[in-house]
There are 2 protein chains.
Amino acid sequence: MSRRLNLEEIGRRAGVSRSTVSRVVNGEPNVSPQTKKRVESVVAETGFRPHAGARSLASNSTGVLGLVIPSAVATLFDDPYFGRLILGITGATNEIQMTLNLFLFGDQADDRSIIPRVVAPGLLDGVIVTATTMGNPLIEYLRGADMPFVVIGRPDESASVFSVDVDNRGGARTAALHLSGLGRKRPALIAAPSNTTAGIDRRSGFVEGVAAAGLSLDGRIREGDWTENSGRKAAEELLADRPDAVFAASDRMAVGAVRAITEAGLSCPDDVAVVSFDGLLHPDLASPRLTSIAQPVREVGERAVRLLKSVIDGTATIPESVVYPTELVVRESCGSELVEVS
Amino acid sequence: MSRRLNLEEIGRRAGVSRSTVSRVVNGEPNVSPQTKKRVESVVAETGFRPHAGARSLASNSTGVLGLVIPSAVATLFDDPYFGRLILGITGATNEIQMTLNLFLFGDQADDRSIIPRVVAPGLLDGVIVTATTMGNPLIEYLRGADMPFVVIGRPDESASVFSVDVDNRGGARTAALHLSGLGRKRPALIAAPSNTTAGIDRRSGFVEGVAAAGLSLDGRIREGDWTENSGRKAAEELLADRPDAVFAASDRMAVGAVRAITEAGLSCPDDVAVVSFDGLLHPDLASPRLTSIAQPVREVGERAVRLLKSVIDGTATIPESVVYPTELVVRESCGSELVEVS
DNA sequence: TTGAAAGCGCTAACAT
DNA sequence: ATGTTAGCGCTTTCAA
């Protein structure tokens, strides 16, 4: 007896055609108030919901956005970064009444099986690509499938795409100048992976800042993989060279660095000042609390969604790159309060 | 000239009917090797992908699973828990060639707009509901829409549903016995929110364990909201009562508690031993490193996906509750090595 | 303001 | 092994 609920059936019960029901459901004008009310009450009492697939087929739009995270390293998800990013993205997605499809790549093998599903027609209206490493093939696929997309981070190609990024370079430069301003003379760098644009930009920004301050790195550079352990190992090596300041390109690596410093019997910040990048860690999770170059991750995510939406709508047509500024948040690990007191 | 790519068009180019193309694309048997090869090469060179919406409409299945996280508190996402859970879920989802739709609730207002999209036909094949608070209305909706679903956590109703949970109660009990075994006599509890089943179970488990050890809590109970700050505040209050052991129902609250203890001039673990629940925090993120009741979050996520899949397939028909054991991971904060040394 | 009718691209039952 | 055909439920002209 309970026939499948569809426009036709709702129309039958309300005494109108399926076209009219469709108009009501989609909030189109040109429906008389009485008719509208009648249809709406039938919809309400039956709990009718239009079939998403049918809608997608007929209208060529789905109301679903995709978020692609190629996290070669599972450990990436221990990073507060992605949680925060997803929060921003889903918030903005909810706001425009769409839903979010998450594509998490594990290993290389996944690529072959996931990419097709990302570019399949009728599933997504648009895609946000994040954590791009150099030479990511996905972008070419998306372009080929003329699927609207936005990149979070700096695209590695000069090719023009829509993107949202933070000023990694400027932030890292600020870190160098801040440390120098505190009187530190022997800075060291724990860089992020050089196959990521964020890693590259933070490195070059810091190097630039060090030079601008009239100092030199003298080879005091190590590269980590974003994790605590890699930061610790990098710091252990660097300590042999007696730095009095360390800039770690992520909060997590900074935590490892601090651990290495204190375990070496040195004091942070007295002997070695530390500044990190991200500013996402809860302050209590590190002692001393980390001075950090904070990036507005949540805003980046929200902005990416809004930008993507306008690409989908055709409002935005010429590629633009939005860059958010970072902010220096001074806490304890850089030893700054000593300076302020004096 | 580039007409829309579809089964018909591929068939035309390969000299077969659209049915045959469909069979090839879906890997069905009963296709001659030559035909199959011919079709596959056309598919490959055209980059053809079947339309997801059309497929959903015709087959009544979408290949998409939904994950619902009612995170009233945005801060929830600072918790390593959800990242890890999503990792497990997407991993298993990829494995069975499906994709994951993420529904993050912000505030109450979102409910009205999100629930309909979760139960809309033609969008999802099934749903995983997590972080359920008491009296969650979503479950009733899902049941009404006869949408297959699995609950992560213990459902609050006795009503029979498919669910995957960890042994919160047993884990918390173990914490109590461990602390007592180390000679602690004045345990205290920093409980998780009592509108969550995890919060309730961890509390009752600890209370039970304390009693089993012949000790008493004497009102040394405070309730936090999972965050570092709440843990710290709870500990500050509890310290007035001179506990010699604290069980915090989450890693993050434990971090706050340790901070409160050391800032009060006391030593952890010498004066106050601490045991946490979760075991998700990187050890370096707390000093002393936290002894913890570790829960296998990733496995829970993977299992939930597999269970949901079998509900969708109709393989699983009578509701079952899977419960994973927890594991006591001893590090420094409980002062255990002192005992072992003696 | 409303209805009729033609697809959207696919699957599945049936026929051959 | 392959083709034919009839929908799936919706949107969208086009008429009325």
Side-chain angles (χ1 to χ4, degrees), chain A residues 2-40 42-43 46-64 116-117 119-125 145, chain B residues 2-40 42-43 46-64 116-117 119-125 145:
Chain A
S2 82
R3 58 172 71 190
R4 190 83 156 87
L5 240 40
N6 58 27
L7 289 185
E8 194 71 42
E9 173 65 13
I10 302 296
R12 209 181 54 71
R13 299 197 194 185
V16 296
S17 77
R18 74 146 153 266
S19 313
T20 300
V21 178
S22 172
R23 291 186 185 105
V24 172
V25 167
N26 292 306
E28 282 171 23
N30 295 339
V31 180
S32 83
Q34 311 95 295
T35 312
K36 183 172 176 185
K37 187 139 68 179
R38 199 144 33 87
V39 172
E40 277 172 344
V42 174
V43 167
T46 56
F48 167 75
R49 294 272 110 214
H51 190 286
R55 198 173 237 179
S56 151
L57 182 56
S59 70
N60 222 17
S61 99
T62 64
V64 181
R117 280 186 284 137
V119 301
L123 182 58
L124 304 174
D125 287 346
Chain B
S2 85
R3 60 172 69 187
R4 188 82 158 92
L5 240 39
N6 56 29
L7 289 185
E8 194 72 43
E9 172 66 12
I10 301 297
R12 210 181 53 72
R13 300 199 193 185
V16 297
S17 78
R18 74 146 152 269
S19 312
T20 300
V21 179
S22 172
R23 290 186 187 106
V24 172
V25 167
N26 293 306
E28 282 170 26
N30 297 339
V31 180
S32 82
Q34 311 93 299
T35 313
K36 183 173 177 185
K37 188 139 67 178
R38 198 144 32 86
V39 171
E40 276 173 345
V42 174
V43 166
T46 55
F48 166 75
R49 293 274 111 213
H51 190 287
R55 202 172 233 182
S56 149
L57 184 55
S59 70
N60 219 19
S61 98
T62 64
V64 180
R117 277 186 287 137
V119 301
L123 182 59
L124 304 174
D125 286 346

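Only heavy atoms go into these numbers, but all of them, side chains included; no hydrogens, no water, no symmetry mates. Within every chain, numbering begins at 1; the chains are lettered A, B, ... in the order of the sequence lines, protein sequences first and strands thereafter.
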Engineer: Side chain of A:His51 only, heavy atoms from C-beta on: which candidate in D:dT2, C:dT2, D:dC10 is closest?
Structural biologist: D:dC10
Engineer: Is any NZ, NE, NH1 or NH2 atom of the basic residue among B:Lys37 and B:Glu40 found under 4.0 Å from an Asp or Glu carboxylate oxygen of the other?
Structural biologist: no
Engineer: Which nucleotide wins on minimum distance to the side chain of A:Arg55, given the candidates D:dT4, C:dC10, D:dT11?
Structural biologist: D:dT11
Engineer: What is the separation between atom CG on B:Asn6 and atom P on C:dG7, rounded to the nearest whole Å?
Structural biologist: 14 Å
Engineer: Is there a side-chain contact between B:Val39 and B:Val16 (heavy atoms, below 4.5 Å)?
Structural biologist: yes
Engineer: Quick check on DNA chain C: between A:Ala58 and A:Pro33, whose nearest nucleotide comes earlier from the 5' end?
Structural biologist: A:Pro33
Engineer: Would you kindly give the CD-to-C1' distance between B:Glu8 and D:dT5, to the nearest whole Å?
Structural biologist: 12 Å
Engineer: Rounded to whole angstrom units, what separation is found between the CG atom of B:Leu7 and the P atom of D:dT4?
Structural biologist: 14 Å
Engineer: Look at the side chain of B:Thr62 and the backbone N and O of B:Ser56, then say whether any donor-acceptor pair between them is shorter than 3.5 Å.
Structural biologist: no
Engineer: Between C1' on D:dC10 and CG on A:Leu5, what's the gap in Å once rounded to a whole number?
Structural biologist: 14 Å
Engineer: So which nucleotide from D:dT12, C:dC8, D:dC10 ends up closest to the side chain of A:Ser59?
Structural biologist: D:dT12
Engineer: Please confirm whether any donor atom in the side chain of B:Arg18 sits under 3.5 Å from an acceptor in the base of D:dT4, or the reverse.
Structural biologist: no
Engineer: With a 4.0 Å cut-off on heavy atoms, is B:Ser56 in touch with a base, just the backbone sugar-phosphate, or nothing at all?
Structural biologist: nothing
Engineer: If you look at every strand shown and take non-hydrogen atoms under 4.0 Å, does A:Ser19 touch a base, only sugar-phosphate, or nothing?
Structural biologist: base
Engineer: Would you tell me if any nitrogen or oxygen in the side chain of B:Thr20 comes within less than 4.0 Å of OP1 or OP2 on D:dA1?
Structural biologist: no
Engineer: Does C:dT2 have its OP1 or OP2 closer than 4.0 Å to a side-chain nitrogen or oxygen of A:Ser17?
Structural biologist: no
Engineer: Taking for each residue the nucleotide of DNA chain D bearing the nearest heavy atom, is the 5' side occupied by B:Pro29 or by B:Leu57?
Structural biologist: B:Pro29
Engineer: Taking atom C1' of D:dG9 as reference, at what distance in whole Å does atom CZ of A:Arg12 sit?
Structural biologist: 16 Å
Engineer: Specify the separation, in whole Å, of atom CD of B:Glu9 and atom P of C:dG7.
Structural biologist: 17 Å
Engineer: Can you tell which of C:dG9, C:dG3, D:dT12 lies closest to the side chain of A:Ser22?
Structural biologist: D:dT12
Engineer: Calculate the interatomic distance between A:Arg4 atom CZ and D:dC8 atom P; express it in whole Å.
Structural biologist: 10 Å
Engineer: Specify the separation, in whole Å, of atom CG of B:Asn30 and atom P of D:dA1.
Structural biologist: 5 Å
Engineer: Main chain of B:Leu7, side chain of B:Arg18: is a donor-acceptor contact present, judged purely on distance under 3.5 Å?
Structural biologist: no
Engineer: Between A:Glu8 and A:Arg12, does any side-chain N to carboxylate O distance fall below 4.0 Å?
Structural biologist: no
Engineer: What is the nucleic acid contact for B:Asn26, judged by heavy atoms within less than 4.0 Å: base, sugar-phosphate only, or nothing?
Structural biologist: sugar-phosphate
Engineer: May I ask you to verify whether the side chain of B:Arg23 and the base of D:dG3 hold a donor-acceptor pair under 3.5 Å?
Structural biologist: yes
Engineer: Where do B:Ala54 and A:Leu57 come nearest, in terms of heavy atoms and distance?
Structural biologist: CB-CD1, 3.6 Å
